[in-house]
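Note sheet for the following structure.
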Amino acid sequence: MGSQGRDVSLPLFETKEAKGRSVYKLYAFTVFVGICWVWVYRWSYIPREGGRWAWLGLFAAELWFGFMWMLSQSVRWNPVYRYTFKERLSQRYEKELPGVDIFVCTADPILEPPNLVMSTILSVMAYDYPPEKLSVYLSDDGGSDLTFYALLEASRFSKYWIPFCKKYKVESRSPAAYFSSTSHPHVNATPFAEERLAIKKLYEEMEKRMERTLKAGRVSDEIRAQHCGFSEWNSGVTRRNHQTILQILIDGRDTNAVDIEGITLPTLVYLAREKRPQIPHNFKAGAMNALIRVSSEISNGQIILNVDCDMYSNNSEAVRDALCFFMDEEKGHEIAYVQFPQNFDNLTKNDIYSNGLKMINVLELHGMDGFGGPPYIGTGCFHRRESLCGKKYTKEYKGEWKKVVEKKQKESTKTLEERAKALASCVYEDNTQWGKEMGLKYGCSVEDILTGLSVQYKGWKSIYFNPPRAGFLGVAPTTLIQTIVQNKRWAEGHLQIFISKHNTLISGHGNIKLGLQLAYCIYNAWALNSLPTLYYAAIPSLCLLNGISLYPKVSSPWFVPFAYVTVATSTYSLGESLWCGDTLVSWWHSQRMTMVRYTTSYLFALIENVLRISGFGKTAFVITTKVADQEASKRYEQEIMEFGSSSPMFSILASLAMVNLICLVGGVKGLLIGKEIGFVEVFFLQFLLCGLLVLINIPIYEALFFRKDKGRLPTSLTFTSIVFAVLACLIPMY
Ligand SMILES: *[C@@H]1O[C@H](CO)[C@@H](O)[C@H](O)[C@H]1NC(C)=O
Ligand SMILES: CC(=O)N[C@H]1CO[C@H](CO)[C@@H](O)[C@@H]1O
């Protein structure tokens, strides 16, 4: 690897295992024993009548949850943590750092506002990395001249922004985040403060111009005259029907492409791949594949970074961090991608919709890393170009970083554009392996997961890197329906993988480690949790109402395993949540959101898969909006759940909440009348379950009955949910 003469005895990164795993394993063992006793009890005491079916159903649900609990152990068994040594990288390889191509995908100028996208673009252009080796590509699936215009503005602003960032080592390098954060020294009259003020003014002017144009909905003739690229939109371009539009806004090879200090700028490219109504465009995966090909003509960086358009870089050294893994002399050559966690900067304190994914980010992905690597989660991920393009890993493979060809052809920008354009046409992929064996895979709503998995099947490893200062910060959904829809899309795609030939239990055998095979199943089988959860959230309560006992008495020895499993897993989950950086209240919210996701998102994901297999529905990519109206934003900040429409998903939630309320009231009534001696003793666990469900649903009762704001549940839904709930309560239990 051309490392002669260097001290390569020290690695570029190190890996540490989590501490205290033996205590954890002991705990897990006791819970496992408890679960087995629960099963034994269910099996031994099946009633002959009076609740036989309810009992059997509960048994099935408990079997399922028990197995899911065991699967969830895989990601807790062996978490590992990674640390990088960037000084060593710089000492050994500063001169021969590889080219890095950064892909940003956007799909809609209204849902994903251009100023958000441009902040992302500017933050990655300003990476602490040799600019001649950095190229930034924006794929605009909206095919909108508004986005092109915004990028043009960004390219101009970058001439001021990048030197400013580098001179003063500014963090974060998203201008929006930088200027909106308040923690800046207000020292006047230092050169820094003056320059900062001047740049801030430029930035605000740019923002205003973009806002004005966006509001007008079209680019004014005056602006159109400023760049010949706008002429592409002369010929009736629509979102779904247009030729390839490729514009190299900054050509890094061009000696005139410099910032105000005379330093080279990173290459900046706008791409709207060709779209025709009758030809499937394969959503984000299609856009990524077009970018892979186009970039191979223009810059051909050996490393590809893929970020969502709303996910700015919060750490200018992230590229170097990633390279510490790829360029490590001993282990680097087997690494296909380095995944950063998906962090967010607009979560409220107690994260009401549990969008922070803390448990996954802080714990579970480290667990997967211990078994060969995290999945590719579609953003904040550095890829080795070769592995993303379908190359198989072999023992002989050695990454060659030195071959960085000086691409200083004398070809003009125009000719280069023309040549690259052909690669983004919609017929280019016909009869090729693109979308199958090359690039991102098509036909799955979590194309990223599937792609990462198949890279792992090809023998590559991946790395999860979660530094204390977040590498990337994105925008999380801020309403309930957005959260539910996003989770539905994820669960749907995961289930599609689970029931396909890519299922990790089958195809993974011999390709990836057992721990990883099991870990993938936790997520792949998400949607299947919906039915057992619905069952568990309704039937024990209905049986309480009907006076059918489903759990052991408090005085029975069988009560012990139930109590132990419940208390131990809840306490552990609370502890884990606090350890991951959540608050007590956010843990409680996350319990509610688990219920919500399991009974709505996952149920619909399951239904959609059933429809798809039986040849009805088709998967469609839904972009979650990044804008919310003002009142709703305010409620979000106050952590009030946002409903506001009568989605069928909400009907389920409301009906379920009503069922539990009625059952609890009915149960308490039975208690007061004193139907039986020892009523509480017999029904203790059912009371507990039903009571907890009512407690956790309090925000839903508020939205049904007490709230007056626009985010409440509509009155019609209040009625239907009551009717549904009463009907459910009238069903006799067997
Ligand atoms: C983002 O970067 C800023 C500036 O370095 C830092 O203060 C902040 O903690 C980072 N955010 C996260 C979530 O790590
Ligand atoms: C884009 C967006 O919705 N941003 C919001 C993120 O959340 C903060 C409050 O926590 C809002 O101020 C932002 O407007």
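All ligand and atom numbering here is 1-based and tracks the order in the structure.
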> Have Tyr353 and Gln486 got a donor and an acceptor in their side chains that come within less than 3.5 Å?
Replying inline: no
> Do the rings of Tyr24 and Tyr572 sit parallel, tilted or perpendicular, given the 30° and 60° boundaries?
Replying inline: tilted
>> Under 4.0 Å from a heavy atom of Ala470: which atoms of ligand 1 are those, numbered in the order shown and with their elements?
In response: 12 (C), 13 (C), 14 (O)
>> When you compare the side chains of Arg385 and Ser295, does any donor N or O come within less than 3.5 Å of an acceptor on the partner?
In response: yes
> Taking atom types as modelled, is there a side-chain donor on Tyr636 or Asn346 under 3.5 Å from an acceptor on the other?
Replying inline: no
>> Suppose we measure from atom 6 (C) of ligand 1 to each protein heavy atom; which comes out shortest, and what is that distance?
In response: Arg469 CD, 3.9 Å
> For atom 8 (C) of ligand 1, which protein heavy atom lies nearest, and how many Å away is it?
Replying inline: Asn314 ND2, 3.8 Å
> Looking only at protein heavy atoms, which one is nearest to atom 4 (C) of ligand 1, and how far off is it?
Replying inline: Glu171 CB, 3.9 Å
